[in-house]
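Remarks on the structure that follows.
In this chain, residues are counted from 1 in sequence order. Remember, it's 1-based here, ligands and their atoms both numbered in the order they're listed.
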Amino acid sequence: MKDLTTKNHQKVVLVGDGAVGSSYAYSMINQGLAEEFVIVDVIKDRTEGDALDLEDAQVFTAPKKVYSGDYSDCGDADVVVITAGAPQKPGETRLDLVNKNLKILSSIVKPVVDSGFDGIFVVAANPVDILTYATWKFSGFPKEKVIGSGTSLDTSRLRVALAKKFNVDPRNVDAYIMGEHGDSEFAAYDEATIGTKPLKALAKEQGITDDDLAKIEDDTRNKAYEIINKKGATFYGVATCLMRITKAILRDENAILPIGAALDGEYGLNDIFIGTPAIINGSGLAGVIEVPLSDREKDLMAKSAATLKQVTKDGLA
Ligand code: 6V0
């Protein structure tokens, strides 16, 4: 295992230089993270153009080596982030998309592993929980070294919406969206707090009803559709979540973040990657924080997991 705490040269490879990937690259450069940042995509002109464009930011950020590369560059990388994937086409089923993106994913993971890569995979391409699981299977890596973006974006959306409703800073909202990154996800309100106070008690004091909270949960679930309707895709939010996960790895933070984690008996689940709070450090997944869910939420988690397992089974069959 690499000791990231003493390493003074960190390297990240991004695979998939589309809307999400290029926004992630921009976020990483702005945060001054990683001394070496490599961009890989099937469209070489795009990666070369982006590398040239991003290097101009070096005058105002920490100097970085940013370049267009290929899979051989992964050999000594600390993190490989996968945002490559085909978008869903009209008339295409979810399973069609799964099959298409699994093919793309296997064409990426194999050469990354063949390069000698021994770092952490971070996966964001959709359907992210299934592609994270497949990255683990295709790579043969220990499950701690494969992290999905899971419900990180959904949790950000929930916190932003709750912050507006309760009129507080979103960074002080400790609430999580859990389960699948998708329609079966849910807000774990029963354990959520704002400034250490149970969210539900605070809601009562402020006249915020269960219906109001249910609407926030629903709007969170549907926010992607709203953004896609207005501008065609969502990318800044997820790109920033990916930057945050990468930072927790590179800085060996032991940060508790909502991610897509491999479960090992937590919530009564195994052999699955699903959205939950977890501890992230230089070794990847350092532990899952098993939220003490209420019975209603346990049920929602089990249903969400069952949905994911079915699609994983059909997709990887
Ligand atoms: P995009 O803008 O179409 O970019 C995809 C990129 O992948 C393109 O540049 C392609 O050239 C590239 N690509 C395709 N095949 C390969 C391959 N075999 N090897 C290398 N590169 C390849 O899509 P966008 O950036 O908007 O989305 C990327 C993925 O992120 C999609 O699967 C989205 O569904 C997913 N998102 C995940 C989110 C999350 O919360 N996890 C949120 C938003 C989008």
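Near R46, with a cut-off below 4.0 Å to any heavy atom, the atoms of ligand 1 are 8 (C), 9 (O). Of all atoms in ligand 1, listed by their number and element, those nearer than 4.0 Å to a heavy atom of L153 are 40 (O), 42 (C). Listed by number with element, the atoms of ligand 1 under 4.0 angstrom from any heavy atom of V238 are 38 (C), 39 (C), 40 (O), 42 (C), 43 (C). Listed by number with element, the atoms of ligand 1 under 4.0 angstrom from any heavy atom of A125 are 29 (C), 30 (O), 32 (O). Against a heavy-atom cut-off of under 4.0 Å, I43 is close to the following atoms of ligand 1: 11 (O). Set against the non-hydrogen atoms of D17, the atoms of ligand 1 under 4.0 Å away are 9 (O).
Here the heavy atom of the protein found nearest to atom 5 (C) of ligand 1 is G85 O, 3.5 Å. N126 ND2, 3.8 Å is the protein heavy atom nearest to atom 33 (C) of ligand 1. The protein atom (non-hydrogen) at minimum distance from atom 20 (C) of ligand 1 is V42 N, 3.6 Å. If you check which protein heavy atom lies closest to atom 4 (O) of ligand 1, you get G18 CA, 3.2 Å. Protein heavy atom closest to atom 13 (N) of ligand 1, with residue, atom name and distance, is A84 CB, 3.8 Å. The closest protein non-hydrogen atom to atom 11 (O) of ligand 1 is D41 OD1, 2.6 Å. Remark: minimum distance from atom 15 (N) of ligand 1 to any protein heavy atom is reached at I104 CG2, 3.7 Å. When only non-hydrogen protein atoms are considered, atom 29 (C) of ligand 1 lies nearest to T83 O, 3.7 Å.
For the side-chain contact (heavy atoms from CB on, under 4.5 Å) with V173, the lone residue among V160, T155, L162, T193 that qualifies is L162. For the side-chain contact (heavy atoms from CB on, under 4.5 Å) criterion with R296, the lone passing option out of L300, D299, L293 is L300.
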(message) Show, in sequence, the C-alpha distance, side-chain angles and deciding distance for Y24 and T83, and conclude whether the side chain to side chain donor-acceptor pair (under 3.5 Å) test is met.
(response) CA-CA 9 Å; Y24 165 71; T83 61; over 6 Å; no

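Of the N or O atoms in A124, one or more lie within a sub-3.5 Å distance of an N or O in ligand 1. The shortest N or O to N or O distance between T234 and ligand 1 is not under 3.5 Å. Backbone and side-chain nitrogen or oxygen atoms of A19 are examined, and one is located within less than 3.5 angstrom of a nitrogen or oxygen of ligand 1. Remark: ligand 1 and V20 share an N or O pair separated by less than 3.5 Å (distance only, no angle test).
Looking only at distances, a side-chain donor or acceptor of D73 sits under 3.5 Å from a matching main-chain atom of D70. Panel note: side chain N254, backbone N281; no donor-acceptor pair is recorded below 3.5 Å. Side chain of N222 to backbone of D218: a donor-acceptor contact under 3.5 angstrom is found.
For Y71, every heavy-atom contact with ligand 1 shorter than 4.0 Å involves the side chain, none the backbone. At a 4.0 Å heavy-atom cut-off, ligand 1 touches S107 through the side chain alone.
Under 3.5 Å, the side chains of Y67 and E55 contain no donor-acceptor pair of N or O atoms. Defined by atom type and a distance below 3.5 Å, a donor-acceptor pair is present between the side-chain atoms of S68 and K44.
You'll find the side chain of Y26 reaches within 4.5 Å of the side chain of L54, heavy atoms only.
More than 12 heavy atoms of other residues, nucleotides or ligands lie within 6.0 Å of CG in N229, so this atom counts as buried by the packing criterion.
In this structure, K145 pairs ionically with D118, as a charged nitrogen and a carboxylate oxygen lie closer than 4.0 Å.
If you take CD on E36 and NZ on K65, they are separated by 4.5 Å, rounding to the nearest 0.5 Å.
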